[in-house]
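A short worksheet on the structure shown next.
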Amino acid sequence: MPPMTLADRRRRMLDGPVARTILALSAPNVAGVAGQTAVAIADAWFVGKLGTVPLAALSLVFPTQMMLGMMSAGAMGGGVSSAVARALGAGDRARAASVATHAILLGLGMSALFAIVFVGFGPSVYRLIGGSGEALGQAVLFARVLFLGAVVVWTANMFASILRGCGDTATPGRALLIGALAQVPLSGALTLGLGPIPALGVTGPAAAAVLSFALAAAIMARRLFGASAASTLDGAAWRQSGAVWVDILKVGIVSSLVVVLTNVTIMSVTGLVGRGGPAALAGYGIGSRLEYMLIPIAFGVGAALTAMVGTNFGAGRYRRARRIAWTGAAMAGAAAGLIGLVVAVFPDLWLGMFTRDPGVLAQGRLYLAIVGPVYGLFGLAMALYFASQGTGSMVWPLGANIARIAIVLGGGGVVLDGLGLGTAALFACVACGITVFAGTLFGSTFSRTWIPRPDTRP
């Protein structure tokens, strides 16, 4: 069967069965992101063989490594996918090509910014997080390799975002999965040494990540610049346009701010829980780590929603765009909700993989019993967050995220400091924050953001 043309993909997103199209576009995304999750687990296992200090160094760098992925793929990447999809939905292939070239330049600029912050100021950043001594030194070495090579991570994720905006999720999904499959053995070989390959120690996973993303970028470059390219990125497409920059950044910057606020919230809640002692901190850490396992579902479905909603917005089919958002949110919410209910009833299925300590298990069970039942709302909210990127407006998602933070941190501070209640009350604030986050985003689908004017195409 010949590959789908750009017109075929546009027609599928505008006229295809909603649920079936979401599933078709989501599956490659889920596979690609799940591969990256497997890489994170494998890296920790390989570095764990080196001892406690290298593992501590890896833990110090992990939040900034996650920020690199979340901003390049989900935040700025979402802005790129949204802008490409809206241009193609309106039938303007020249503007879509212009967005693509601007996205490539954006990746180069952002990779330089990440290198300046996490290499130039790396010792200060990781000391602020809590690093010291030999662990701090090894974290700085890891960051130097990863962030000096961040240009290939940003380039790969910009290529992936352009292709997703065109309705092609298969190519980036396949490229990222191949990269992940290559990265796992490469990480082990570079970390521990294998035959003629030298043991690089803690910098091994960083070097493997750079090489694997370079491979993924090369695979996607063939689709973007080869004979079968979706759009011609000629000289005219490289001409700079303030309007195109605004179109990308009005989504990308706000989405990046949401990423920063989310990470600040996680660190702040960790600090609040830590007042209850090491057992409470460990139990919360293990229980809340499960939320990271929901990211492949949320991003897999969400990236498809960004493209589908954006294409229908560009074509003036606002009610179909909203129906797409509702359908995708229901899918993501159902999958995440099932996981949440299982761990709420049988928490040791998850907790038992990491600890047998009675105190830690007690806190982990408490967390999952309270927060697990609202995981479905978390999945729904994340799907609607990505769908909102397709509209080109991120005001509601930012407001919803701020409301969540206010409830979690404000409420958490009150119940711990003002009322002297325990971690159960704090976990209830976390659950309440997720509920408000989801409710606000669902309510926003009835606003003028989603139906700005009557449909221009039935």
Side-chain angles (χ1 to χ4, degrees), residues 32-33 36-37 39-40 43 57-81 101-131 136-162 172 176 179-180 183 187 200 202-218 220-221 245 248-264 266-267 292 295 299 389:
V33 181
Q36 295 302 313
T37 302
V39 165
D43 283 351
L58 190 68
S59 298
L60 281 174
V61 182
F62 186 69
T64 56
Q65 189 177 5
M66 285 292 293
M67 187 176 293
L68 171 63
M70 292 169 72
M71 281 197 176
S72 59
M76 288 297 182
V80 170
S81 287
T101 59
H102 283 65
I104 294 169
L105 296 176
L106 174 64
L108 296 176
M110 290 299 296
S111 62
L113 177 61
F114 268 71
I116 291 170
V117 173
F118 296 116
V119 176
F121 299 95
S124 299
V125 170
Y126 297 115
R127 190 178 294 112
L128 182 63
I129 293 176
L136 173 61
Q138 294 198 27
V140 170
L141 290 176
F142 183 103
R144 188 174 299 162
V145 174
L146 177 66
F147 291 108
L148 286 178
V151 61
V152 296
V153 179
W154 272 96
T155 299
N157 282 325
M158 288 298 98
F159 285 176
S161 299
I162 294 166
L176 293 172
Q183 185 175 345
S187 179
L200 301 181
V202 75
T203 61
V210 172
L211 292 172
S212 68
F213 272 99
L215 172 61
M220 288 183 281
W245 280 117
I248 295 172
L249 295 179
K250 71 180 181 181
V251 174
I253 288 178
V254 178
S255 298
S256 297
L257 180 59
V258 171
V259 169
V260 172
L261 291 175
T262 299
N263 281 279
V264 168
I266 292 171
M267 288 187 286
Y292 282 108
I295 291 177
F299 180 75
Q389 290 182 330

For the CG atom of Asp43 and the CD atom of Gln183, what is their distance to the nearest 0.5 Å? 6.0 Å

Would you mind listing every side chain to side chain donor-acceptor pair (under 3.5 Å) that reaches into residues 103-123, with sequence neighbours excluded? none

Excluding sequence neighbours, so at least two apart, what forms side chain to side chain contact (heavy atoms under 4.5 Å, CB included) with Leu105? Leu108, Trp238, Gln240, Trp245

Name all residues meeting the side chain to side chain contact (heavy atoms under 4.5 Å, CB included) criterion together with Leu215; count only those two or more places apart in sequence or in a different chain, and write none if there are none. Ile178, Ala182, Ile219

Just verifying a value: how many Å separate Met67 CE and Phe118 CZ, rounded to the nearest 0.5 Å? 5.5 Å

Partners passing side chain to side chain contact (heavy atoms under 4.5 Å, CB included) against Val254 (at least two apart in sequence or in another chain): Met394, Leu398

When the side chains of residues 139-161 are checked against the rest of the protein, which donor-acceptor pairs come out under 3.5 Å, sequence neighbours left out?
residue, atom, partner, partner atom, Å
Thr155, OG1, Val151, O, 2.6
Asn157, ND2, Ser72, OG, 2.8
Asn157, ND2, Val153, O, 3.4
Ser161, OG, Gly77, O, 3.3
Ser161, OG, Asn157, O, 2.8

Locate the shortest heavy-atom distance separating Tyr126 from Leu136; write the atom from each residue and the value. CB-CD1, 3.6 Å

Side chain to side chain contact (heavy atoms under 4.5 Å, CB included) against Leu176, all qualifying residues, sequence neighbours excluded: Arg164, Phe213, Ala216

So, does Gln389 use its side chain to make a donor-acceptor pair with the main chain of Gly74 at under 3.5 Å? yes

Rounded to the nearest 0.5 Å, how far does CD1 of Ile104 lie from NE2 of His102? 11.0 Å

Kindly write out the residues that satisfy side-chain hydrogen bond (donor to acceptor under 3.5 Å, both in side chains) with Gln65, not counting sequence neighbours, or none if the list is empty. none

Are the side chain of Ser81 and the backbone N or O of Gly78 linked by a donor-acceptor pair below 3.5 Å? no

Qualifying salt bridge (Lys or Arg N to Asp or Glu O under 4.0 Å) pairs, either residue in residues 64-81, two or more places apart: none

Please find the pair of heavy atoms, one from Ile248 and one from Ala103, that lie closest to each other, and give the distance. CD1-N, 4.3 Å

Give the intermediate values and the outcome of side chain to side chain contact (heavy atoms under 4.5 Å, CB included) for residues Leu249 and Met76. CA-CA 7 Å; Leu249 295 179; Met76 288 297 182; 4.1 Å; yes

Find the distance between OG1 (Thr64) and CE (Met71) and round it off to the nearest 0.5 Å. 11.5 Å

Smallest separation among heavy atoms of Ala207 and Leu200, with atom names: CB-CD1, 4.3 Å

